[in-house]
Amino acid sequence: MTNPLLSDWNTPFSLAPFDAISDDDFAPALDEALAAHNAEIDSIAANPEPPNFANTIEAMEAAGEGLDKVLSVFFTIAGADSNPAREALQRDFSPKLAAHFSAISSNKALFRRVAAVWDARDSADLTEEQQRVLMLTHRGFVRAGASLKGQDDARMQAIMGRLAELGTAFTQNLLSDERDWFMPLQEDDLEGLPAFVVDAARAAGAEKNAGGPVVTLSRSLIVPFLQFSPRRDLREAAFNAWAARGANDGETDNRAITAEILALRAERATLLGYDSFADYKLETEMAGTPAAVRDLLMAVWEPAKARAEADAKILTDMMHADGVNGDLAPWDWRYYAEKRRKAEHDLDEAALKPYLQLDRMIEASFACANRLFNLEFKALDVPLYHDDCRAWEVTRDGKHVAVFIGDYFARGSKRSGAWCSAMRSQAKFPQEQTPVVINVCNFAKGDPALLSYDDARTLFHEFGHALHQMLSNVTYDSISGTSVARDFVELPSQLYEHWLEVPEVLAEFATHAETGEAMPQDMLDKVLGAANFDMGFQTVEYVASALVDLAFHEGAAPSDTMAKQAEVLEELGMPSAITMRHATPQFAHVFSGDGYSAAYYSYMWSEVMDADAFEAFEEAGSAFDPATAKSLEENILSTGGSVEAEDLYKRFRGRLPGVEALLKGRGLAA
Ligand SMILES: [Zn+2]
């Protein structure tokens, strides 16, 4: 019998036959799919015909169909509905997949053919999109080191192996420091803490067998402890332990590891012919160069610092009025900021929640997509991997566009956070395929299910990614939907959050679960006001981290990363009561792997664009202006990675974004 993962999916919309798949099917299906993909790659590499776009690049695009099917199902359920068997499979699959893809990118015969097609590109008759796919494929090989020879090639392999080891060690050291430290609390230490923090401290104490409540270094416990505990001595002790993660001497110390990682990355960049690792990394991003990143960060830094310094004065006065003398310290900031928030923006979450029903917010996200892009959503009854999943058919003018799946509720088998993925990407080659897109969230179940304001924003955010996949209109899978630069990919999602805040949207959809009444204006004002609270602090801790990350990867690698960090912060004039959001020995974005190294700035890069892009609608006089919506779809949501991100943005806006809209959005404008 054919493995159901690899059989023809004769189901509605060719969805994966979830009801026919069992966990035992994955391992044999993966082996079969990997072997099939290897055979395809080998025959492309060994093709006796002279290399051309069709027999090399398009052949690679078309290869691996079985692998796509197996992995799309496996990674969907491994993230959203895991179990011990699936966890074990994941541990088996990770090294197998890493080895598989690294063998392809270091396949010299295959690279020779890609390079030959690349060299002959001017005389080949290629469409704009084909030229782009060729450039990206060739660049991917070169960046992975495929053109290195002899000793350089061997050295690159050694560097990559060592970097993988160091990244794992960094992560494990950090986890172990976070796991090992805790501070017991006496009953009277709990005074002033809200019930949810007391509960969390007791639960943590029970887990540690500490015989009473404790504070741990888990972000979800220590941050509220720092916000609410009136005991300055306890806040100081907890903060110092938190700040020391990865820098406690002994076996779990990350400081030397960070220096070795930076040195190896710099060497890797040199081997590949780049001036620095930042130059290498930013080549594929919209920002393009370290100078462009620095310009953005510095344009935000000065106004953010000015706001933080003004806020520090207010908080210091509050502390002095509290009978505590001296300077505001990092362990004081969150506590006095929370007191100030309560005084200025007291928002009763319990009163707000009944206005934010999950089903109404889903309707709101669909209704906005209908007004903007004429999309229609019809509930589908199809077998999925969990009873909580819901599916809709998405159509336009009666024509099928996509299948959208929503898996909204938290459960033990789901990893934390929220994400969007395409189980099938839009493409027209080798044949027409329409997207199957899934949003996964972690909202609390209820009857009716009610959201916090943050939850509702998350729902709109992930749906913005889904639109980027569903409206995609390109030929090749590899550049479809969200396959764009890292500093561009959050534009559609962050942009879509703006429609939640459009007054007419909330007026229509934020209705009370029992009375059906619309959210009162003063509550709406408070929600929107609180969103920008303490933005000086938040921007300073983020931008400082991004600037240290950038400095680490420009020029020669520092031999002492802590000294380099101190030097950068000194030059910036870092406010004394604020620390980096992620100090070097804890900066997992940058040191656990390559993902956000020299790229921590990218969150803010996207935010600059989403603020500026939404202004295009405001300037046109309506959040639903049809011409602006059409341009957004044509130039950004349908184009995937088929065009350079900078050009896409210019086509939409007529120019590149400035930081003004972001500063205004964060309440930091002069
Ligand atoms: Zn996102």
Side-chain angles (χ1 to χ4, degrees), residues 75-76 79-80 219 284-287 296 361-362 364-366 368-369 372 402 404-408 410 414-423 425-426 435-443 451-472 479-501 531 538 542 545-546 581-582 588-590 592-597 599-614 632-633 636-641 645 648-649 652 657 661-662 665-666:
F75 284 120
T76 298
R219 203 170 184 101
T284 57
E285 299 298 320
M286 180 176 169
L296 163 79
M361 289 298 113
I362 295 171
S365 66
F366 289 175
C368 292
L372 291 163
F404 175 68
I405 300 170
D407 177 2
Y408 295 109
K414 195 187 274 188
R415 70 178 163 86
S416 60
W419 62 95
C420 172
S421 56
M423 293 193 63
S425 302
Q426 180 275 332
V436 177
V437 184
I438 179 164
N439 276 179
V440 184
C441 302
N442 268 288
F443 302 145
L451 305 182
S452 69
Y453 195 72
D454 262 3
D455 291 340
R457 269 181 42 184
T458 300
L459 182 110
F460 270 68
H461 179 101
E462 298 308 333
F463 194 70
H465 285 306
L467 286 171
H468 199 186
Q469 299 279 15
M470 296 193 290
L471 293 172
S472 178
I479 52 161
S480 175
T482 56
S483 301
V484 298
R486 181 186 304 278
D487 58 3
F488 193 71
V489 75
E490 296 298 328
L491 168 61
S493 53
Q494 292 180 180
L495 176 60
Y496 207 66
E497 292 176 29
H498 289 267
W499 275 276
L500 172 62
E501 297 184 357
Q538 289 181 42
Y542 168 84
S545 295
R581 184 169 169 84
H582 306 284
H589 289 81
V590 171
S592 281
D594 246 3
Y596 280 89
S597 54
Y600 190 63
Y601 77 94
S602 54
Y603 296 98
M604 185 153 278
W605 190 270
S606 293
E607 190 182 329
V608 164
M609 283 188 287
D610 79 65
D612 184 71
F614 192 70
L632 180 67
E633 177 177 350
I636 291 180
L637 295 176
S638 67
T639 37
L648 290 179
Y649 196 85
F652 169 63
L662 171 132
R666 288 195 163 218

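Every number for a ligand or one of its atoms is a count from 1 in the order of the listing. The basis for the numbers below is simple: all heavy atoms, side chains too, and nothing from hydrogens, waters or symmetry mates.
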**Student:** Would you check if the Zn ion (ligand 1) lies under 2.8 Å from any N, O or S atom of Glu462?
**Tutor:** no

**Student:** With the Zn ion (ligand 1) as the reference point, give the N/O/S atom of His461 that is nearest.
**Tutor:** NE2

**Student:** Ser493 pairs by side-chain hydrogen bond (donor to acceptor under 3.5 Å, both in side chains) with which of Glu462, His465, His468?
**Tutor:** His465

**Student:** Could you identify the N, O or S atom of His465 positioned closest to the Zn ion (ligand 1)?
**Tutor:** NE2

**Student:** Without swapping roles, check the side chain of Tyr649 against the backbone of Phe488 for a donor-acceptor pair under 3.5 Å.
**Tutor:** no

**Student:** Name all residues meeting the ring-ring contact (aromatic ring centres under 6.0 Å, His included) criterion together with Tyr542; count only those two or more places apart in sequence or in a different chain, and write none if there are none.
**Tutor:** Tyr600

**Student:** Can you tell me how the ring of Phe614 sits relative to the ring of His498, calling it parallel under 30°, perpendicular over 60° and tilted otherwise?
**Tutor:** parallel

**Student:** Any idea which N/O/S atom from Glu490 gets closest to the Zn ion (ligand 1)?
**Tutor:** OE1

